[in-house]
Visitor: 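One structure is given below, represented as structure tokens, and several questions about it will come after.
All ligand and atom numbering here is 1-based and tracks the order in the structure.
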Amino acid sequence: MYDKIIESNKEWIDQTWKKLDSKLSKVAIRSREKIPYTTINGVHDDRQGSQITWWTNGFWGGLMWLMYRGTDNEEYKITAQHAEELMDAAFEDVSKLHHDVGFMWHIMSGANYRLTGDKKARNRDLLAAMTLMSRYNVNGDFIRSWNGSQQTGWTIIDCMMNIPQLYWASQEIGDDRFKAIAMHYADMAMQDHVRPDGSVNHIVSHDIHTGEVIETFAGQGYAVGSTWSRGAAWALYGFVLSYIHTGKTEYLDTAKKVAHYFITNLATDNWLPLVDFRAPEQPVWYDSTAGAIAACGMIEIAKHVPEHEQKIYLTSALKVLQAMEKEFCNWNEDEDAVLMMGTERYNGEKGNHIPIIYGDFFFTEAILKLKGDDFLIW
Ligand code: GLY
């Protein structure tokens, strides 16, 4: 079933990949000295200097590794390796690092090491994994998120995408503690972040001594109890990744439950992802990044369910990607971003309907998967 669906969409997949390569091969050279986040008048900005520890700074290098993997074009590799060197400045002040070190190094240095065997890259990914481990609260049994003194007990669903770095580190150095802590996090998220109907709490505040839930917050969503779509996408993809790394069936079942909620909401809105699935009808805010992340997760779910279930997830992934390619992609090669219409948060005054670097990363990752490449960057 999986192969049959891919075959019937092959032309679109091949054409989309060609367009990605044609544009990104130019951007790779143009933006080589930058660590981009968004664009200003079509040109990549740069998050070096005081913003070097910004959580999205690994996606540019990661995107370059995905493109290198799919094309063997050395220009992508040169830019990816250079991004990694630029990012070494982020290790200079460890007090500014946070839970997102997985996003920052596992898909950049981790990808480099797994693709080229570069030992320096391995060391960077391990340093980052150890930083993530150090955020574990033994009494509360969770990995804390942000650094603020008011946030010592906070966990966020996004962190499901950081813990693959811990699964990797366990295996790489033969130390089960990393994997154990990652699984404790996934178990906590299954219980405290994912709601019975498959929607997801963005932020949960825990008692730091017992781990008990104190309250939940809207975070980047519309309100407490609503459904921030990117948070749901982090859960969808994060749980299937935890299943792939551990074989624990409950993680796959949780990914499926979140996917069912996500797919139902996409299907009632022309397969274009709203920022929050439970926000008022107006204003209409989209978040293309949520669609791209969820599509990656759905493709992975499709690979790990029985044949008769594959169609649900693979067809849904294709539908959201194709809808976004038509409505949201910018193929103008003189501008730096591909996937437009990302949104940082529901109630933000700025950061609505902009290109965001991880939108391009996950859109590209999804197309590379659909092309049949089995490199799991996470
Ligand atoms: N991890 C933060 C976000 O998704 O915006």
Visitor: Is the shortest N/O to N/O distance between Glu344 and ligand 1 below 3.5 Å?
Guide: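 No: no nitrogen or oxygen of Glu344 is under 3.5 Å from one in ligand 1.
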Visitor: For atom 2 (C) of ligand 1, which protein heavy atom lies nearest, and how many Å away is it?
Guide: Asp158 OD2, 3.1 Å
Visitor: Hey, does Asp100 come in under 3.5 Å of ligand 1, counting only N/O atoms on both sides?
Guide: no
Visitor: Is the shortest distance from a heavy atom of Trp234 to ligand 1 less than 4.0 Å?
Guide: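 Right, Trp234 reaches ligand 1.
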Visitor: Taking the six-membered ring of Trp54 as reference, does the cationic atom of Arg47 (NZ for Lys, CZ for Arg) lie under 6.0 Å from its centre and within 45° of its axis?
Guide: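 So Arg47 does make the cation-pi contact.
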Visitor: Going by atom types alone, do His260 and Tyr313 pair a side-chain donor with an acceptor below 3.5 Å?
Guide: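 Indeed, the side chains of His260 and Tyr313 share at least one donor-acceptor pair under 3.5 Å.
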Visitor: Looking only at heavy atoms, is any part of Trp55 under 4.0 Å from ligand 1, and if so is it the side chain, the backbone, or both, or is it neither?
Guide: side chain
Visitor: Identify the two heavy atoms, one from Arg195 and one from Thr227, that lie closest to each other, and give their separation to 0.1 Å.
Guide: NH1-OG1, 3.8 Å
Visitor: Testing the basics here: between Ser31 and His44, what is the closest heavy-atom pair and its distance to 0.1 Å?
Guide: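 What the structure gives for the nearest pair is OG-ND1, 2.9 Å.
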Visitor: Can you tell which part of Arg345 has a heavy atom less than 4.0 Å from ligand 1: side chain, backbone, both or neither?
Guide: neither
Visitor: Where is the nearest protein heavy atom to atom 5 (O) of ligand 1: which residue, which atom, and how far?
Guide: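 Looking only at protein heavy atoms, the one closest to atom 5 (O) of ligand 1 is Arg230 NH2, 2.6 Å.
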Visitor: Would you please test Asp118 and Lys120 for salt bridge (charged side-chain N to carboxylate O under 4.0 Å, His left out) and show each step?
Guide: CA-CA 6 Å; Asp118 183 323; Lys120 266 189 161 174; over 6 Å; no
Visitor: Phe361 vs Phe59 aromatic rings, parallel, tilted or perpendicular, using cut-offs 30° and 60°?
Guide: perpendicular
